Amino acid sequence: MTTLALNKPRAFETGDFNDLPVVATDIIYEGAAVGENGSGYFRPLVAGDNFAGFAVAKADNSAGAAGAINVKVQQVGRIELEVTGVTAVTDEGSTVYASDDNTFTLSSTSNSAIGKIIRWISSTKCIVAFEAVSRRSI
């Protein structure tokens, strides 16, 4: 390759979002935690999946083959969640896990790590800083 001698416009994407292929015959709803099924396709998160982010829009592939449509996910950010096991401000810094696309807990057993509590609001409600597996530095 030669070095540039002229401007070369490039196509950039917004860094916190990604479009990922959806498994066959499934629906991922807006707001769902999304997981990778072990075969390179994405679905509503199932405990143990690699966390891919949160769906920013519904992706209905209920009548399609695997990869027929994509789901847009936010891979990094902060989100307000109800997290089972959270009791007080002292839970800040705790790792949050998902056992399905809408169940969040402090229990790691067989679940998928999604992020850390950065602010306790009240009861089990808190702000979670989340990061998809593909965006993590290690």
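Just so we're clear, the structure is a prediction, and the values are computed from it rather than from any experiment.
Chaining together hydrophobic side chains whose heavy atoms lie under 4.5 Å apart places Ile127 alongside Ile118, Ile121. Counting side-chain heavy-atom gaps under 4.5 Å among Ile, Leu, Val, Met, Phe, Trp and Tyr, Val46 is found in no cluster with other residues.
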Got a list of side-chain donor-acceptor pairs under 3.5 Å for residues 77-90, not counting sequence neighbours?
residue: Glu82; atom: OE1; partner: Thr124; partner atom: OG1; Å: 2.5
residue: Thr87; atom: OG1; partner: Asp91; partner atom: OD2; Å: 3.4

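Put simply, the side chain of Ser39 never gets that close to the backbone of Tyr41: no donor and acceptor are under 3.5 Å apart.
With values rounded to the nearest 0.5 angstrom, Ile114 atom CD1 is found 13.5 Å from Asn50 atom CG. To the nearest 0.5 Å, atom OH of residue Tyr97 and atom CG of residue Leu45 are 13.5 Å apart. Between atom CD of residue Gln74 and atom CZ of residue Phe17 there is a gap of 4.0 Å, rounded to the nearest 0.5 Å.
The aromatic rings of Phe130 and Phe51 sit perpendicular to each other, their planes meeting at more than 60°, with 30° as the lower class boundary.
Applying the side-chain hydrogen bond (donor to acceptor under 3.5 Å, both in side chains) rule to pairs touching residues 22-37 yields nothing, sequence neighbours excluded. Evaluation of the salt bridge (charged side-chain N to carboxylate O under 4.0 Å, His left out) test over residues 14-24, restricted to residues two or more places apart or in two chains, returns Asp16-Arg135, Asp19-Lys72. Within the structure, side-chain hydrogen bond (donor to acceptor under 3.5 Å, both in side chains) pairs that include any residue of residues 54-68 comprise Asp60-Ser62 (at least two apart or interchain).
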Report the C-alpha separation of Ser108 and Asn111 in whole Å, then their side-chain angles, then the decisive distance to 0.1 Å, and conclude whether the side chain to side chain donor-acceptor pair (under 3.5 Å) test is met.
CA-CA 5 Å; Ser108 63; Asn111 294 321; over 6 Å; no
Using the salt bridge (charged side-chain N to carboxylate O under 4.0 Å, His left out) rule, take Arg43 and Asp101 through it: C-alpha gap first, then chi angles, then the decisive distance, then the call.
CA-CA 9 Å; Arg43 62 185 175 186; Asp101 66 342; over 6 Å; no
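For the residue pair Arg119 and Cys126, the shortest heavy atom distance occurs at O-CB, 3.1 Å. Residues Gly40 and Pro21 share a closest heavy-atom pair of O-CG, 3.7 Å. Considering every non-hydrogen atom in both Ala47 and Ser110, the closest pair reads CB-O, 3.2 Å. Between Ala59 and Ile69, the shortest heavy-atom distance links the atoms C-CD1, 3.7 Å. Counting all heavy atoms, side chain and backbone alike, Ser112 lies closest to Gly48 at OG-N, 3.0 Å. Across all their heavy atoms, Ala66 and Ala24 have their closest contact at N-CB, 3.4 Å.
With contacts defined as side-chain heavy-atom distances shorter than 4.5 Å, the pair Ser94/Lys116 does not qualify. Inter-residue side-chain proximity for Asn70 and Val22 is flagged as unmet; no heavy-atom pair is nearer than 4.5 Å. Looking at heavy atoms from C-beta onward, Leu106 lies in side-chain contact with Ile117 at the 4.5 angstrom threshold.
Linking ILVMFWY residues whenever their side-chain heavy atoms come closer than 4.5 Å, directly or via other members, leaves Phe54 and Val34 in distinct clusters.
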